[in-house]
Amino acid sequence: MALTLDDVQRAAHLARIAVDDAEAGAALAQLTRVFGLIEQMRAVEVSGISPMSHAQDLVLRLRPDAVTEGDQRDHFQAIAPEVEAGLYLVPKVIE
Amino acid sequence: MKWEIVIGLETHAQLSTVSKIFSGAATAFGAAPNTQACGVDIALPGVLPVLNTGAVERAIRFGLAVGAKINQRSIFARKNYFYPDLPKGYQISQYELPIVEGGTVTIRLGDTEKTVRLTRAHLEEDAGKSLHEDFSGRTGIDLNRAGTPLLEIVSEPDMRSAEEAVAYARALHTLVRWIDVCDGNMQEGSFRCDANVSVRPAGSTTLGTRREIKNLNSFRFLQQAIEYEVRWQIGEIEDGRKIQQATVLFDPDTGETRMMRTKEDAHDYRYFPDPDLLPLEVTAERLAAVRAAMPALPQARREQFVVQYGLTVYDAGLLTASRELADYFAAVAAGADARVGKLCANWICGALSARLNEENLEIGQSRVSAAQLRKLVDRIADGTISGKMGKDVFDAMWAGEGDADRIIAAKGLKQISDSGELEKIVDQVLADNAQQVADFRAGREKAFNSLVGQVMKASRGKANPQQVNDILRRKLAA
Amino acid sequence: MSNVTLKELSVQLAAGACSSVELSRDFINKINSLNKDLGCFITVDAERTLAQAKAADAQRAAGHAGPLTGVPLAHKDIFCAEGWLTTCGSRMLANFVAPYDAHVVERCNAAGMVTLGKTNMDEFAMGSSNETSYYGPVRNPWNRDLVPGGSSGGSAAAVAARLAPAATGTDTGGSIRQPAALTGICGLKPTYGLVSRYGMIAFASSLDQAGPMARSAEDLGLLLNVMAGHDPRDSTSLERPAEDYNRDLEKPLQGLRIGLPQEFFAAGLAPDVQRAVEAAVAEYKKLGATVVDISLPNMELSVPVYYVLAPAEASSNLSRFDGVRYGHRAAEYTDLMDMYKRSRAEGFGAEVKRRILIGTYVLSQGYYDAYYIHAQKLRRLIAGDFAAAFKQCDVIMGPTSPTTAFKLGEKSADPVQMYLSDIYTIAVNLAGLPGMSIPCGFDGGGLPVGLQIIGNYFDEARMLNVAHRYQMVTEWHQRVPPGIG
């Protein structure tokens with residue numbers, strides 16, 4: 001399936017990356033090349049094989065329900081772009 | 001046209017762990033903004049999630065309580081979307097393989113019982129809070145709630161009215177508190193519902209297009225929102241318009257639902273298994289341990305109360321509204337026979353409940369202990385005092401005047417059960433009321449009650465009514 | 001002094017021949033004189049470094065020195081180090097002073113090691129040439145017109161140029177091994193899960209693994225002993241008893257079975273590289289090893305599979321960079337959506353954006369099964385190939401990279417060409433196996449060639465033994481780039 005400019009713009013929107021038309025066009029050309037490479041694998045028959053999500057076939061280790069982290073707000077907010085009254089500020093969110 | 005309403009509920013129950021689902025930050029409600037948001041919760045670069053055992057155990061407990069299948073292996077997935085209160089840009093949830101699948105919740109409406117099927121229940125993390133009060137026209141983000149464990153309980157679209165939806169939500173609310181997985185505090189958002197509502201012509205077997213009402217945090221709002229939404233949908237269709245699938249919010253001030261303005265664009269969440277979290281395994285040992293620690297469930301307690309004490313299903317239902325209440329009743333009625341057990345139930349559902357409601361107290365805060373109440377019931381049962389006097393004694397107990405016996409003695413409320421003394425009073429009353437005696441003998445039963453009343457009056461209320469009855473009958477028959 | 005190994009520095013510090021402060025100042029001076037040309041470091045902070053060195057000397061004076069107390073090293077700028085600017089090679093984190101230490105950094109600090117600085121890297125570790133860094137390219141010490149490889153290009157070049165005796169790196173598809181090969185040093189990517197990923201800024205979580213980069217196999221083992229270890233904060237960190245990875249260094253190689261996959265010696269391999277690798281194999285035969293021809297039939301699929309899986313994970317991992325809590329926020333925007341889009345468009349470079357778009361696309365509705373699930377199934381096939389191969393041999397050998405170092409700009413216009421330069425290394429990450437690269441000769445242009453050694457799971461000690469025995473009889477790893485040291 002051929003990638004379209006629409007696909008690129010839709011992915012960019014989902015990923016919240018601003019692209020103008022020229023950038024989208026350039027990205028399309030490059031991505032088309034990459035998907036040419038990726039298409040190679042799609043011809044291979046994989047029925048009956050289970051997907052491999054992790055490098056090891058292990059199960060999750062759990063931690064006890066205990067509070068181990070204290071207040072580090074000032075430390076963390078020292079590097080925040082915009083804070084007020086302990087809150088991170090963003091442009092008005094309208095629900 | 002007649003319309004059928006179809007409702008399914010997605011309920012988010014915050015699990016009552018002390019720490020978050022994937023981090024060691026505290027979950028306590030009400031802390032200063034962002035003071036309970038650790039590196040993992042604010043998604044610093046490089047931090048990683050580690051799953052909380054407490055959340056897993058609570059999910060299992062819930063699954064067992066609703067008779068669901070506990071998946072031996074379940075998978076955490078990432079649900080990707082951007083929102084300022086979602087620090088990682090994805091929510092860790094369960095998608096294809098949840099920890100709990102199936103199960104049922106039984107609801108009662110009047111005399112009918114109905115079973116609502118559950119689709120699934122899965123573990124996920126809560127988001128933070130966006131505060132829209134004015135910060136010079138900006139929104140403030142508090143991430144204290146981010147990472148609080150949630151159990152999302154998804155029902156099948158089995159409910160057919162707002163009342164059924166509320167009954168289901170209430171039953172679920174009772175259950176999650178009963179088994180100690182959620183504190184059920186709706187004001188604090190610990191228990192909140194999304195309702196998927198659609199309508200279809202009665203008799204149709206295909207589902208109509210649904211709209212989802214988000215974030216209903218009271219039973220009243222749930223009811224109002226569904227009722228409004230149903231009227232609105234029917235109106236739209238009858239006016240020839242089609243329902244578009246949408247997410248709506250309920251405004252308690254106007255009582256209306258409205259479309260969310262931020263359309264989560266096209267809902268392409270790009271779920272995929274979280275590479276930071278290996279599959280969750282529930283071993284047979286863990287399952288057995290959780291099962292062994294399960295309390296008896298509301299349904300079982302109800303049945304036990306009905307069988308053991310002859311309670312009505314209705315009363316048994318009232319007494320199992322919470323585990324604390326059921327435990328209270330069980331303590332009051334301990335060792336009682338059906339007659340006394342029934343009396344215990346009446347006192348709890350009657351005088352005690354009324355008092356608790358008046359003073360807005362939970363059963364755990366009752367000023368009359370289970371042992372005290374039982375003493376009172378025993379004194380009524382053994383005829384020491386009448387039920388009517390019992391009310392006075394109860395009020396005195398509530399006021400802190402001590403145990404039933406002490407109050408009865410102090411107030412001189414003990415019934416006259418000495419038959420010699422009673423016979424004297426009865427003889428006097430019969431002598432003074434020749435007309436009523438004649439009436440009774442002429443077949444007017446009402447006259448008998450009048451005579452009983454005279455006797456009670458003459459004894460200043462202290463005569464044992466049963467005994468008075470017996471003596472009067474005997475003497476009048478002579 | 002700077003042209004010595006970790007091992008030698010350890011001995012000298014223990015003997016009191018030098019102090020950590022002297023040693024660290026020495027390296028800082030060299031960094032100051034060469035970094036402008038080479039671009040190895042993004043951040044150097046002499047004050048911080050010397051304070052740490054001073055503390056290490058005090059530790060030693062108090063009699064509490066471990067084997068690497070006072071030994072300096074460089075950290076790839078992907079590791080959070082408290083108080084250090086930690087950029088991950090990106091404009092997005094140009095102002096990000098890490099508020100905590102990565103597990104790797106914590107362990108190095110606890111061992112008394114001294115941080116010389118944070119090394120340059122491809123942006124978010126996405127690249128094979130170190131050209132995608134926002135902080136400019138790194139130049140290959142062997143020839144400054146050439147790339148050092150990537151993404152741990154700064155670490156590799158720093159070790160090659162003797163600006164650090166060792167460095168940390170990370171390897172998602174070859175990012176330790178390929179730059180090690182292209183700069184003539186040694187690098188080891190351990191078994192997935194051996195080194196904690198906590199505090200290591202994620203690229204592709206199921207593939208990322210940190211490891212040591214140094215000038216000898218023995219040094220790799222010394223540093224791995226420090227880096228590896230269970231960490232409860234990483235759910236994929238393995239719970240295994242601590243081991244001394246250098247315990248088998250001296251074991252003879254008699255009877256070692258070396259698997260040579262035919263797919264590693266196919267079209268696309270530069271003849272000089274092939275010759276050097278074959279010569280190394282011949283050397284191993286002299287050391288008593290036997291050679292088995294093996295096949296990894298699905299190897300060629302590893303590049304396309306990787307370029308589905310790694311971008312998919314990355315697209316999600318990089319969503320946290322939204323300009324809300326840290327990192328770059330655009331100066332001007334109209335609303336929340338615009339703030340997100342501009343901050344991310346400005347903060348990320350072209351290659352990172354490209355991979356985010358690929359990843360977003362392959363995970364999106366309608367494509368997920370065709371791309372993502374399909375690739376995960378092939379990943380299992382690829383891992384299966386290795387499992388079958390290790391029934392026939394103890395280690396697998398081949399080239400690390402199909403070519404020696406290439407020119408700056410040569411492949412940057414064509415992503416596919418660039419992606420193919422990791423063709424021999426990627427499969428190892430997909431399988432989660434340990435792999436390493438050691439110098440094994442030079443091409444006609446005097447550029448180093450890397451020999452890749454792939455082991456079975458948890459076979460790091462054996463791999464180090466295999467590499468060390470070779471380094472006892474060869475001196476490729478001791479060669480110094482012209483004009484250095």
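Quick note on labels: first sequence line is chain A, next is B, and so on, each numbered from 1.
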> Roughly how far, to the nearest 0.5 Å, is the CG atom of Asp274(B) from the OG atom of Ser53(A)?
Replying inline: 10.0 Å
>> Rounded at 0.5 Å granularity, tell me how far CZ in Arg270(B) sits from CG in Leu14(A).
In response: 4.5 Å
> Which bit of Gln56(A) is near chain B, if near means a heavy-atom gap under 4.5 Å: side chain, backbone, both or neither?
Replying inline: both
> Can you tell which of Pro51(A), Ala85(A), Ala55(A), Ala66(A) has the highest number of heavy-atom pairs within less than 4.5 Å of chain B?
Replying inline: Ala66(A)
> Among Ala55(B), Ser23(B), Ala37(B), who wins on heavy-atom pairs under 4.5 Å with chain A?
Replying inline: Ser23(B)
> Quick one: of Pro33(B), Gly54(B), Gly140(B), who has the most non-hydrogen atom pairs under 4.5 Å with chain A?
Replying inline: Pro33(B)
> For chain B, which of Asp74(A), Ile79(A), Asp57(A), Thr68(A) has the most heavy-atom pairs under 4.5 Å?
Replying inline: Thr68(A)
> For Asp251(B), does the CG atom sit with more than 12 other heavy atoms under 6.0 Å from it, leaving out its own atoms?
Replying inline: yes
> Which atoms form the tightest heavy-atom contact between Val18(B) and Asp65(A), and what is the distance?
Replying inline: N-OD2, 3.1 Å
> Is there side-chain contact between Leu62(A) and Val56(B), with heavy atoms separated by less than 4.5 Å?
Replying inline: yes
> At what distance, to the nearest 0.5 angstrom, does CZ of Arg61(A) lie from CD of Glu281(B)?
Replying inline: 14.5 Å
> What are the two closest non-hydrogen atoms of His132(B) and Lys92(A), and how far apart are they?
Replying inline: O-NZ, 2.8 Å
>> Less than 4.5 Å to any heavy atom of chain A: does that hold for the side chain of Pro279(B), its backbone, both, or neither?
In response: both
>> For a quick test of reading the model, state the closest non-hydrogen atom pair linking Val59(A) to Arg73(B) and the distance between them.
In response: CG1-NH1, 4.4 Å
> What are the two closest heavy atoms between Phe22(B) and Arg63(A), and how far apart are they?
Replying inline: C-NH1, 3.7 Å
> How about Tyr88(A) and Asp142(B): do any of their side-chain heavy atoms sit closer than 4.5 Å?
Replying inline: no
>> If you count heavy-atom pairs within less than 4.5 Å of chain A, which of Thr53(B), Ile21(B), Val40(B) leads?
In response: Thr53(B)
> From Asp41(B) CG over to Gln72(A) CD, what is the distance, rounded to the nearest 0.5 angstrom?
Replying inline: 11.0 Å
> Within a reach of under 6.0 Å around OH of Tyr95(B), are more than 12 heavy atoms found that belong to other residues, nucleotides or ligands?
Replying inline: no
> Is it the side chain or the backbone of Asp85(B) that comes within 4.5 Å of chain A heavy atoms, both, or neither?
Replying inline: neither
>> As an exercise, state the distance from NE2 of His13(A) to CZ of Phe82(B), rounded to the nearest 0.5 Å.
In response: 10.5 Å
>> Are Leu89(A) and Ile141(B) packed together at the side-chain level, in the sense that at least one heavy-atom pair is separated by less than 4.5 angstrom?
In response: no
>> Can you give me the closest heavy-atom contact between Pro84(B) and Val93(A), atom names plus distance?
In response: CG-CG2, 3.8 Å
>> To check you understand the geometry: which heavy-atom pair defines the closest contact between Leu280(B) and Leu60(A), and what is its length?
In response: CA-CB, 4.2 Å
>> Quick check on Pro91(A) against chain B: is it the side chain, the backbone, both or neither that has a heavy atom closer than 4.5 Å?
In response: both
> Quick check: does any side chain N or O of His54(A) sit under 3.5 Å from a backbone N or O of Leu277(B), one acting as donor and the other as acceptor?
Replying inline: yes
> Between Glu84(A) and Arg138(B), is there a salt bridge with N-O shorter than 4.0 Å?
Replying inline: no
